[in-house]
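Written below as structure tokens is the structure these notes are about.
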Amino acid sequence: MADLTEGNISRQIIRLAFPLLIGNIIQQFYNTINMMIVGRYVGENAFAAVGVSGSVMNFFIAVIIGLCVGFSILYANSYGAKDYDKLRKTIFMPAAIGLGMTVVLSLTGFIFVKEILYAIKTPEPLFNEGVIYLRIIFAGMIFCVFYNLNASILQAIGKTNIMLFVLLISMACNLLLNYTFVAIFRMGVMGAALATISSQATSAAMCIFYIRKFVPRLKLTKADMVWDKKIFSTSFKFGFTSSLQQSSLYFGKLLVQSAINALGTAAVMAYTADILIEQLLLAFGDSGAAAIAVFVAQNYGHNEAERVKNGLTNGMRLMVTTGVILSTLLFIIKPFVLSLLISVENIQVTELALRYLSIMCIFYPLSFIANSFQGYFRGIGRIHFAFIATFSQIIIRVILIHNLTAHMHLTAVPISTGIGWIAMLAIQTASFYKIKNSGTKDNLTA
């Protein structure tokens, strides 16, 4: 297991972030390839339907991921303090919370999927395929929580390289199944959904096997699987707040998607292509934020105040440099990248997509700075600051988009997003100095 309480700070953050980054990049590439398979072998309506359905799916999955992100901070803090007995007990209680929440989410999504798609103004040609895709995803969501619970444990103890290996195997499985179901068996969006839940089941099984086989300190015994009111309360507080943060972000994306859906199929197709590219770029920032959070949490648990401070400083320096380089590169090659997703004959969709990315490339570096702060807040247990910043950004973004799309069409989205990120950074900066001036230390076990 990786001890981050000593050694070169920048090197450790990079070592943590690199496997997460590679995994996120490959994840986005594989999402893009999967979408290309759907678009080529099923049709453009299926491509757009999976794009719309993906917004709904990501919202529900974000609730699960948010829970596990909150839990991972508690795991990392206990590991940094070298309290393995407490770490094992902390693993059990969040698992119970996560499984219970997933059952509720799965049933809710499966039963009300049509109402959800109506609520976000899904175009009629995309509706039926969206229902099929989402019902299969909801039916298999239990695999998603098993994977994320175990992946959060591996991340908290610094085993991001194992997470990368698991991800590579599961994605190879997904691509193979997706091509088989969609291109060979012609199962349409049903095949794409079945491939997705199959890969999640594979990921969960591999994580569970690794922890039980190679990390014996974390193997639960009957003594660990007991009700602990204090651990339950702390786990629920961290998991719930983190889940609110993650889910509010994706709920905001759903509201944005509803505004775009109202603009017609061309706008939906352009936005779907842009988001695939954007998610690839922002994967760098997400990986950096996760690495900073784990580094800070372990050192916070070990009472290494100076390393916590330097973790944010060094991490932010790395993130800003990366954000500027990637944004510049994307601005230059965006026509080529979009040509891989959109037919060159579809001039209207291409022009909309190019205009979106041209504006967003100006603002992307801001998200990298914001992610640095978010990782820091999570790591020191001030997860509510991370939520407040995220929620405020979403409110501003959604209000602006719904008021500007009638006049600015799809261009309203990048402009509104940029303004939201500026506001988010202002809130994060104020929160950072509030913490700095207070001079107090949160107790993650309280």
Side-chain angles (χ1 to χ4, degrees), residues 59 62-78 80-81 90 93-94 97-98 101 148 152 155-156 229-253 285-286 288-301 303 305 308-309 311-312 315-316 319 366-398 420-446:
F59 168 70
V63 176
I64 296 172
I65 292 175
L67 282 170
C68 296
V69 167
F71 299 154
S72 71
I73 299 306
L74 299 177
Y75 303 151
N77 190 255
S78 295
T90 304
M93 293 308 303
I97 296 170
M101 285 288 294
N148 280 286
S152 66
Q155 180 172 309
K229 183 178 179 181
K230 187 176 181 180
I231 293 177
F232 177 85
S233 176
T234 305
S235 299
F236 186 82
K237 179 181 72 173
F238 270 73
F240 182 72
T241 306
S242 179
S243 184
L244 275 180
Q245 180 197 351
Q246 293 286 331
S247 59
S248 63
L249 178 63
Y250 280 94
F251 184 70
K253 289 181 178 181
D286 293 339
I292 291 171
V294 172
F295 178 89
V296 168
Q298 281 200 22
N299 283 279
Y300 199 69
N303 294 313
V308 168
K309 175 185 173 183
L312 173 62
M316 186 174 292
M319 292 276 271
L366 299 180
S367 73
F368 283 73
I369 303 174
N371 268 324
S372 302
F373 275 121
Q374 296 296 77
Y376 171 76
F377 291 144
R378 293 202 303 263
I380 65 171
R382 301 293 186 101
I383 204 163
H384 55 288
F385 283 130
F387 168 67
I388 291 169
T390 298
F391 188 73
S392 300
Q393 180 263 137
I394 290 165
I395 293 296
I396 293 169
R397 181 185 180 191
V398 169
W421 280 340
I422 292 170
M424 183 178 184
L425 281 171
I427 293 168
Q428 289 175 321
T429 302
S431 300
F432 173 76
Y433 281 104
K434 181 179 180 180
I435 294 169
K436 184 178 179 181
N437 294 332
S438 68
T440 58
K441 183 182 188 300
D442 280 349
N443 182 356
L444 297 182
T445 62

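- Put simply, the side chain of S152 gets close to the backbone of N148: a donor and an acceptor are under 3.5 Å apart.
- Interatomic distance, S367 OG to D286 CG, rounded to the nearest 0.5 Å: 8.0 Å.
- Taking OG1 from T429 and CG from L425, the interatomic distance works out to 6.0 Å, rounded to the nearest 0.5 Å.
- No side-chain heavy atom of V69 sits under 4.5 Å from any side-chain heavy atom of F238.
- Looking only at side-chain heavy atoms (C-beta outward), S78 and L74 stay at 4.5 Å or farther from each other.
- In this structure, S242 contributes its side chain and G239 its backbone to no donor-acceptor pair below 3.5 Å.
- Between Q393 and L249 there is a side-chain heavy-atom pair separated by less than 4.5 Å.
- Other residues, nucleotides and ligands contribute over 12 non-hydrogen atoms within 6.0 Å of the CZ atom of F232.
- Taking CZ from F373 and CE from M319, the interatomic distance works out to 11.0 Å, rounded to the nearest 0.5 Å.
- Looking at S243, its side chain never comes within 3.5 Å of a backbone N or O of F240 through a donor-acceptor pair.
- Scanning all heavy atoms of the two residues, the minimum distance from F368 to G285 falls at CE2-N, 3.5 Å.
- Rounded to the nearest 0.5 angstrom, Q428 CD and T390 OG1 are separated by 7.5 Å.
- Minimum heavy-atom separation, G301 to A81: O-CB, 3.8 Å.
- Counting heavy atoms from C-beta outward, M424 and Q374 have side chains that approach closer than 4.5 Å.
- With F385 as the fixed residue, the side-chain contact (heavy atoms from CB on, under 4.5 Å) test singles out one of I435, I380, T241: I435.
- Nearest heavy-atom pair across L366 and W421 is CB-CB, 4.2 Å.
- What you find for I383 and R378 is that their closest heavy atoms are CG1-CG, 4.2 Å.
- In this structure, the side chain of S431 engages the main chain of I427 through a donor-acceptor pair within 3.5 Å.
- The nearest pair of heavy atoms linking Q155 to A290 is NE2-CB, 3.7 Å.
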Do Y376 and M316 pass the side-chain contact (heavy atoms from CB on, under 4.5 Å) test, and can you show the C-alpha distance, the side-chain angles, and the key distance before you say yes or no? CA-CA 10 Å; Y376 171 76; M316 186 174 292; over 6 Å; no

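- The minimum heavy-atom distance linking S235 with P94 is given by the pair OG-CG, 3.5 Å.
- To the nearest 0.5 Å, atom CD1 of residue I369 and atom CD1 of residue I422 are 10.5 Å apart.
- Note that CD1 of I73 is 12.0 Å distant from SG of C68, once rounded to the nearest 0.5 Å.
- The aromatic rings of F71 and Y75 sit tilted, their planes meeting at an angle between 30° and 60°.
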Test side-chain contact (heavy atoms from CB on, under 4.5 Å) on F251 and I394; report intermediate values, then the result. CA-CA 9 Å; F251 184 70; I394 290 165; over 6 Å; no

